[in-house]
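Beneath this line is the structure, given in structure tokens, with notes to follow.
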Amino acid sequence: MLTYYNHLHSDHEGKVEMFRGALVPCFEVPARVDRVLAELKKRKLGTVLPPNPFDDSALLGVHSQRYLDFLRDAWDDWVALDPANAKRDALPSVWPVRTLRSDVLPDNFAARMGLFSMDAGSPLTDGTWDAARAGADCALSAALAVAGGKRAAFALTRPPGHHAGADFFGGYCFLNNAALAAQALREQGLERVAILDIDYHHGNGTQAIFYERADVFYTSIHGDPSTEFPFYLGYADELGAGAGLGFNRNWPLPRGSGFEVWHATLQQALQGIAEFDAQALVVSLGVDTFAGDPVAGFTLQTPDYLQVGKTLAQTNLPTVFVFEGGYAVAEVGVNTVNVLQGFDQQAVVNKESA
Ligand code: SP5
Ligand code: ZN
């Protein structure tokens with residue numbers, strides 16, 4: 001498994017997130033990716049490369065110019081408010097919901113934080129832009145490798161991406177790496193790209209980015225949003241709109257669901273991808289479906305992830321894996337690399353029998 005590793009990931013290190021009225025230590029920590037990298041190296045699962053650099057213009061197929069301008073300058077603007085802010089994470093505290101205006105760009109920094117965010121759980125820090133930006137380069141590098149003929153590639157990066165919309169951050173995500181990979185595959189000439197999101201949480205950002213498009217099919221298996229984050233998107237009746245009608249498919253499952261129902265659902269999601277006749281696959285690979293995850297509620301076990309990888313390889317599609325959630329730090333490396341190793345093993349079997 002060719003891996004593009006975000007060497008700047010630890011530049012993004014939030015201290016606290018808002019949870020039930022208190023600031024609690026962040027779940028989304030640098031050790032997550034360190035564990036995955038260590039496990040990849042331990043199992044010698046292919047080459048690990050730094051990303052190729054891409055121009056900021058490569059982000060504009062997914063994100064708005066005004067959001068990128070905000071994000072690039074946000075930390076400096078935060079510290080300019082008060083030099084003491086340099087020691088504090090920036091978190092939003094006010095949002096332009098419904099009858100409030102989101103067309104006007106406020107001068108006030110707190111107001112801009114709210115305009116460009118969906119929650120108070122995603123601290124913005126000194127290194128957030130550099131880390132997220134290098135992560136986008138990893139996703140784009142992986143997409144170009146796959147467009148160039150590689151069977152699969154893995155973008156090993158944090159912060160994650162699938163909650164980030166065209167013009168907002170949230171759910172620990174700032175730039176939507178999976179969306180960037182899918183868009184890059186399209187721009188490399190692949191006509192139909194599928195995104196399979198197997199993170200515990202619905203990828204509201206990815207869904208929204210492609211909701212009115214017929215060229216990128218988004219399908220996701222996740223905790224039922226009626227009880228689970230991100231709450232306001234991810235229901236089964238969201239089928240796409242306009243030209244994109246029929247090109248979005250959600251598979252919400254109740255909190256507490258285990259591998260048997262989850263894997264049967266995966267087969268259904270893959271059936272949809274086959275019917276779409278995808279030419280390439282982007283997998284939003286979150287392993288917060290693990291039973292021991294501290295922020296999620298499914299009960300997958302460590303050996304199940306090998307089977308997940310094998311099932312994904314059975315599609316025979318060129319595949320870009322993008323790392324998303326997974327917060328059980330002690331197990332996140334083994335679980336993630338189980339998916340990748342299961343995939344590689346099955347890919348060899350498929351090739352031999354082809
Ligand atoms: C990429 C990704 O997986 N984002 C998930 C964002 C979830 N944010 C809300 C987490 C709520 C924390 N719940 C703490 C439970 C304490 N037992
Ligand atoms: Zn998640």
Side-chain angles (χ1 to χ4, degrees), residues 6 9 12 14-33 36 89 91-92 117-124 128 131-132 135-136 139 155-165 168-181 195-209 218 220-234 250-253 255-257 262 282-300 305 308 321-329 331-332 335-336 339:
N6 181 357
H9 79 85
H12 173 69
K15 296 179 178 72
V16 287
E17 60 182 81
M18 179 72 87
F19 178 64
R20 294 185 184 160
L23 292 172
V24 303
C26 285
F27 292 93
E28 202 289 286
V29 293
R32 300 173 55 245
V33 154
V36 178
D89 296 347
L91 288 174
S117 70
M118 62 175 280
D119 74 352
S122 312
L124 197 155
T128 297
L156 175 53
T157 186
R158 53 169 292 284
H162 73 151
H163 296 300
F168 61 87
F169 67 91
Y172 314 150
C173 303
F174 295 86
L175 296 175
N176 195 314
N177 302 310
L180 288 162
I195 303 176
L196 171 70
D197 192 326
I198 57 172
D199 185 279
Y200 177 75
H201 306 94
H202 176 254
N204 59 282
T206 317
Q207 169 172 311
I209 286 161
Y218 176 78
S220 175
I221 308 166
H222 49 268
D224 185 339
S226 69
T227 62
E228 307 305 300
F229 186 90
F231 306 117
Y232 310 110
L233 211 63
N250 286 323
W251 302 93
L253 296 175
R255 191 179 177 86
S257 295
W262 190 93
V282 175
V283 179
S284 262
L285 178 57
V287 293
D288 41 9
T289 48
F290 178 56
D293 197 278
V295 316
F298 290 162
T299 64
L300 274 64
Y305 291 99
V308 173
F321 289 95
V322 178
F323 190 53
E324 303 279 4
Y327 307 98
V329 172
E331 294 91 356
V332 70
N335 291 344
T336 303
V339 175

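Order of appearance sets the numbers: ligands from 1, and atoms from 1 within every ligand. In what follows, every heavy atom counts, from backbone to side chain, and hydrogens, waters and symmetry copies are set aside. Just so we're clear, the structure is a prediction, and the values are computed from it rather than from any experiment.
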Please enumerate all residues that pass salt bridge (charged side-chain N to carboxylate O under 4.0 Å, His left out) together with Glu228, with sequence neighbours excluded. Arg255
For residues 290-297, which side-chain donor-acceptor pairs fall under 3.5 Å, sequence neighbours excluded?
from, atom 1, to, atom 2, distance (Å)
Asp293, OD1, Val295, N, 2.9
Asp293, OD1, Ala296, N, 3.4
Asp293, OD2, Tyr327, N, 2.7

Only counting residues at least two apart or in another chain, list the ones meeting salt bridge (charged side-chain N to carboxylate O under 4.0 Å, His left out) with Asp119. none
Donor-acceptor contact present, side-chain Glu17 to main-chain Val24, <3.5 Å: no
Of all the N, O or S atoms in Asp199, which has the shortest distance to the Zn ion (ligand 2)? OD1
N/O/S from His201 sitting under 2.8 Å away from the Zn ion (ligand 2): yes
Taking Asp199's backbone N and O only, do any of them form a donor-acceptor pair with Asp288's side chain (distance below 3.5 Å, no angle check)? no
Kindly print each ligand 1 N/O atom paired with any protein N/O atom under 3.5 angstrom away, one pair per line, or none if nothing qualifies.
from, atom 1, to, atom 2, distance (Å)
ligand 1, 3 (O), His201, ND1, 3.2
ligand 1, 3 (O), Asp288, OD2, 3.1
ligand 1, 3 (O), Tyr327, OH, 2.6
ligand 1, 4 (N), His163, NE2, 3.3
ligand 1, 4 (N), Gly171, O, 3.0
ligand 1, 4 (N), Tyr327, OH, 3.4

Please report the interatomic distance CD(Glu331) to OH(Tyr305), rounded to the nearest 0.5 Å. 10.0 Å
What's the atom name of the N, O or S in Asp288 nearest to the Zn ion (ligand 2)? OD2
Could you go step by step and tell me if Gln207 and Asp197 meet the side-chain hydrogen bond (donor to acceptor under 3.5 Å, both in side chains) rule? CA-CA 10 Å; Gln207 169 172 311; Asp197 192 326; over 6 Å; no
